[in-house]
Amino acid sequence: MNPLKRTLSFKNTLILNFVLVGLLPLIVVTVVTHYVLTGHLEREITQKNFLLAKSLSGEIGAFLHEPKDMLRQLAAMLGQDALRNKELFQASLESVISNYPVFEMIEVLDPGGRVMAVAPFRRDYLGLDMSGRRFFKATEKNRDVYWSSAFLSQHTGEPALTISLPLQQGILVGILNLRVLAGFIDRLKQGGMEIGVLDQTGTYIASSTRSNVYQQVNIRTEGEVHRALQGIEGTYRPRRRGREMLVSVALVPETGWPVVVSEGIEEAFAPVYHVRSVFWGGMGLAAVLAFGMALVRVKKTLKPLNMLMLDAKKVTEGSYDIKPQRGNYPEFEELAEDFRVMARAIDARERSLWESEAKYRTILENMEEGYYEVDLAGTLRFFNEAFCRIADLPRGQLRGVNFTQFMNEANAKKVREEFNRVYKTGTPARHIELETIRVDDTIRYVEVSAYLIRDGEDRAVGFRGVIRDVSEREQGEAERKKLEFQLQQAQKMEALGTLAGGIAHDFNNLLMGIQGRTSLMAMDKEASHPDQEHLKGIEAYVKNAAALTQQLLGFARGGKYEVKPTDINALIRTNTAMFGRTKKEIAIHLKLQEGVWPVEVDRGQIDQVLMNLYINAWQAMPGGGALYIETENVILTEKDVSAFSIAPGKYVWVAVTDTGIGMDRGTLEKIFDPFFTTKETGRGSGLGLASAYGIIQNHGGMITVYSEQGEGTTFKICLPACESEVAHDQPEHAAVHPGSETILLVDDEPMILDIGEKLLERLGYRVVTAQSGEEALKIYAKNKDHIHLIILDMIMPGMSGGETFDRLKAVNPHVKTMLSSGYSINGQATEILNRGCGGFIQKPFSMEALSLKLREILDGV
């Protein structure tokens with residue numbers, strides 16, 4: 001016999017229990033009754049609110065009707081004869097004012113709008129011209145009663161309005177005090193209800209909130225008020241300041257004024273909410289009782305199910321000794337037996353699986369590479385200890401984390417694309433190279449493989465693979481390439497610098513010859529001679545050529561020869577002012593740190609660097625733009641200067657930023673190369689930024705550039721700070737200063753000796769020449785008592801200018817010398833000056849500059 005037929009089944013028992021409870025009918029009846037009753041209450045409350053507004057509007061209409069009728073009677077009584085009898089006329093007005101206190105004032109205007117009579121009597125009102133007032137114009141035009149907008153009375157400070165009506169000859173005007181409206185409102189106001197009366201413009205003339213009247217608040221933009229001003233009454237439920245309101249609007253029949261009665265929905269529908277709480281409370285109590293009855297029945301019914309659940313819990317805890325159930329529902333007896341069989345099978349399989357998994361885990365945990373398993377979304381489900389070491393996180397913080405959390409967006413996208421390809425094709429990915437980010441923000445380079453994981457039904461459920469940390473390999477390769485590039489750049493710049501220095505030296509010697517002969521010719525001719533113009537032109541060309549060689553010297557990193565402690569802010573203010581005067585289309589913004597540290601620099605060369613950067617910025621902004629120059633004291637660490645050949649310490653940082661067209665990566669890589677330019681032929685030599693690079697390097701600093709196309713460019717310069725006080729330049733004098741002393745001129749170039757000798761003789765000096773250092777020493781040894789000063793070339797074959805100077809000092813420690821060169825290598829000129837040399841002059845030099853330098857040294861200035 002089928003056991004299901006012997007006793008009532010478990011399913012039928014549960015159905016019977018819930019039918020006995022009967023919760024569903026109770027809920028349906030309660031809900032329907034609730035909504036019917038509360039809906040009726042809401043309609044009654046809404047109608048009551050509107051009737052209140054309507055009642056107040058009628059009461060106000062009745063109030064306004066009386067003064068209007070009174071004025072009509074007064075107008076009828078004041079005929080033409082009465083107007084002639086002013087005493088009788090005034091007495092009538094005073095009688096109305098005393099008997100009707102609602103009137104604040106009554107005026108009679110003649111046809112021209114002037115006040116003929118007023119009560120209470122005020123002499124200062126007689127003759128006032130009211131023809132420009134709106135009530136006068138409206139009454140004259142329509143010849144009917146006119147109600148004005150409300151206003152605050154000058155006499156009482158209370159709200160008032162003007163009612164005017166035409167006479168046969170003139171206009172009768174009454175000013176009504178509306179404070180009585182506040183009494184109407186106070187009498188009708190209930191609880192938190194807000195009541196207000198508005199005039200035809202939407203401005204409060206009476207309100208339960210008095211400040212609305214005194215501040216003349218206008219609410220015509222509110223939807224229900226806007227409709228009321230168009231003649232529409234009704235009740236609305238708008239939201240005000242986050243709170244739902246019940247608002248009724250009625251119109252005063254006499255004037256069309258809106259009467260607004262508003263109350264919060266919570267206060268207005270409080271009876272409804274009370275009914276709801278009673279209904280829901282009753283239904284809740286009934287539900288609790290019904291649930292209690294059902295619980296008693298269901299508890300007995302579910303006892304065998306609870307026993308089965310306890311057995312399931314034992315299985316999950318690893319205990320598979322399940323006892324058979326007897327005396328329960330037949331369905332549970334069969335289910336419990338099947339569960340016992342399943343538990344024994346699980347026990348056997350788990351033992352086998354545990355042995356297999358132990359071997360598997362041992363292999364994985366002893367791997368050097370990281371092993372991982374993720375689901376299809378990339379969430380980590382399993383991983384070994386090596387994976388934790390690579391991620392630098394403990395197991396507890398890795399489980400359940402998405403694989404892409406350790407990468408930036410670009411690498412995460414790459415992982416998703418590779419996993420998607422593996423998912424679609426089933427083909428493993430064996431070498432995915434990625435950058436990962438640890439918790440401490442350090443970057444690690446890894447190599448990942450990915451294989452598809454399938455379940456027993458051959459469905460793809462995730463990915464597994466191996467991950468290797470290849471950071472040391474990648475970093476070593478990157479460092480090697482970086483060092484190779486830096487070495488190549490340094491060698492290239494050194495070679496080009498040597499070439500540029502040699503060219504500059506030789507070219508300056510040629511310019512010296514041209515400059516010298518030009519100066520001699522100019523001295524031989526009168527100031528009015530026609531050739532003077534040509535000679536000045538030649539001198540200008542020589543200066544331009546000398547400026548070009550200055551750029552070559554700067555790039556050669558050997559042109560720093562006059563270094564002085566300098567206030568970089570002052571230097572910037574001077575050259576930006578000069579640049580700004582010529583480039584009006586560029587807006588210059590200075591942000592210079594106060595108290596900036598002094599820097600020991602060749603001011604002319606740093607000025608050249610800044611002007612090169614300004615011109616570069618100007619050419620990047622053909623349509624105009626903004627140039628920002630900033631300075632700041634900084635302290636650079638070993639890490640900051642690791643990529644540059646400078647020492648850590650105190651520096652002054654200068655930034656030059658433009659809003660120009662910017663540069664691409666290819667241009668940035670070549671920006672400091674000599675003769676590289678993006679400008680059209682004739683607009684740039686390609687030496688400006690190269691010389692800036694050389695000058696800053698020669699000053700022990702660094703220069704960097706950052707730019708993006710369309711985003712402008714920023715050049716940053718760091719110059720080492722010094723402890724010395726800022727040195728101030730002495731004013732230059734352009735006059736020629738002659739002399740009569742004996743000078744030894746030393747130079748290996750016959751051309752320089754020839755022109756130099758002629759220039760010195762023209763200045764009045766006696767000249768002895770030597771073509772090498774050795775010859776100069778012999779001449780000086782024989783004539784040291786007669787030679788007052790030696791002009792010494794820096795660069796000479798055999799014995800250099802520096803060595804010659806030292807040997808001359810050995811002969812005479814007080815010997816007066818002046819260095820002269822078109823080129824200075826590695827600061828050699830500065831070193832000689834520091835050893836006691838009297839001065840330095842750069843080729844090509846003018847006769848004025850030469851004469852001034854000679855007198856400074858000879859006279860000991």
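A quick note: this is a predicted structure, and the numbers were derived from the prediction, not measured.
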**Student:** Atom CG in Leu128, atom CE in Met116: separation rounded to 0.5 Å?
**Tutor:**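 Here the interatomic distance stands at 14.0 Å.
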**Student:** Does atom CZ of Arg143 have more than 12 heavy-atom neighbours, drawn from other residues, nucleotides or ligands, at distances under 6.0 Å?
**Tutor:**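 Yes, because the 6.0 Å sphere around CZ of Arg143 holds more than 12 heavy atoms from other groups.
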**Student:** What residue among Thr659, Asp658, Leu627 forms side-chain contact (heavy atoms from CB on, under 4.5 Å) with Ile586?
**Tutor:** Leu627
**Student:** With side chains defined as the heavy atoms from C-beta onward, is the minimum distance between Thr235 and Val247 less than 4.5 Å?
**Tutor:** no
**Student:** Give the C-alpha distance, both sets of side-chain angles, the deciding distance and a yes or no for side-chain hydrogen bond (donor to acceptor under 3.5 Å, both in side chains) between Glu585 and Trp618.
**Tutor:** CA-CA 9 Å; Glu585 69 275 20; Trp618 167 66; 2.7 Å; yes
**Student:** With a 4.5 Å cut-off on side-chain heavy atoms, are Leu380 and Arg399 touching?
**Tutor:**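 When only atoms from C-beta onward are counted, Leu380 and Arg399 do not touch, as no gap falls below 4.5 Å.
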**Student:** In terms of heavy-atom contacts, does NZ of Lys716 have more than 12 from other residues, nucleotides or ligands at under 6.0 Å?
**Tutor:**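 Count not over threshold, so no.
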**Student:** Are any of the side-chain heavy atoms of Val259 and Leu251 separated by less than 4.5 Å?
**Tutor:** no
**Student:** How many angstroms lie between atom CG of Asn218 and atom CG of Asp199, to the nearest 0.5 angstrom?
**Tutor:** 7.5 Å
**Student:** Kindly confirm or rule out a cation-pi arrangement of Arg227 over Tyr236, judged by NZ or CZ under 6.0 Å from the six-membered ring centre and within 45° of its axis?
**Tutor:**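 Yes - Arg227 lies over the ring of Tyr236, closer than 6.0 Å to its centre and within 45° of its axis.
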**Student:** Taking Asp144's backbone N and O only, do any of them form a donor-acceptor pair with Asn142's side chain (distance below 3.5 Å, no angle check)?
**Tutor:** no
**Student:** Quick one, Thr203 and Leu198 - any side-chain contact, counting heavy atoms below 4.5 Å?
**Tutor:** no
**Student:** Check for a donor-acceptor pair, side chain of Ser164 on one end and backbone N or O of Thr139 on the other, with a separation under 3.5 Å.
**Tutor:** no
**Student:** Grab the two heavy atoms, one from Ile588 and one from Thr576, that are nearest each other, plus how far apart they are.
**Tutor:** CD1-O, 3.7 Å
**Student:** Measuring from atom NZ of Lys141 to atom CZ of Phe136, what distance do you get when rounded to the nearest 0.5 angstrom?
**Tutor:** 14.0 Å
**Student:** How close do Gln593 and Asn633 get, counting heavy atoms only, and between which atoms?
**Tutor:** OE1-N, 2.9 Å
**Student:** Taking atom CD1 of Ile629 and atom CG of Asn569, what is their separation to the nearest 0.5 Å?
**Tutor:**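 One finds 11.5 Å between CD1 of Ile629 and CG of Asn569.
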**Student:** Nearest 0.5 angstrom please: Lys413 NZ to Asn420 CG, how far?
**Tutor:**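 Output value for this atom pair is 12.5 Å.
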**Student:** Using a 4.5 Å cut-off on heavy atoms from C-beta on, say whether the side chain of Glu94 contacts that of Phe121.
**Tutor:**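 Side chain of Phe121 against side chain of Glu94, heavy atoms only: contact under 4.5 Å found.
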**Student:** With sequence neighbours left out, what residues match Ile437 under side-chain contact (heavy atoms from CB on, under 4.5 Å)?
**Tutor:** Asn408, Asp441, Ile443
**Student:** Between Arg416 and Glu409 (salt bridge meaning N to carboxylate O under 4.0 Å), is one present in this structure?
**Tutor:**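 Counted as a salt bridge, because a side-chain N and a carboxylate O are separated by less than 4.0 Å.
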**Student:** Decide if atom CZ of Arg220 counts as having more than 12 heavy atoms of other residues, nucleotides or ligands within a radius under 6.0 Å.
**Tutor:** no
**Student:** Assess the pair Phe579 and Tyr614: is the distance between their ring centroids shorter than 6.0 Å?
**Tutor:**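 For Phe579 and Tyr614, the ring centres are under 6.0 Å apart.
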**Student:** Any chance you could measure Gln405, atom CD, to Leu393, atom CG, to the nearest 0.5 Å?
**Tutor:** 9.0 Å
**Student:** Could you work out, with salt bridge (Lys or Arg N to Asp or Glu O under 4.0 Å) as the rule, every residue matching Lys68, not counting sequence neighbours?
**Tutor:**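 Counting only residues at least two positions away or on another chain, Lys68 forms a salt bridge (Lys or Arg N to Asp or Glu O under 4.0 Å) with Glu254.
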**Student:** Kindly check if the number of other-residue, nucleotide or ligand heavy atoms within 6.0 Å of NE2 (His226) is above 12?
**Tutor:** no
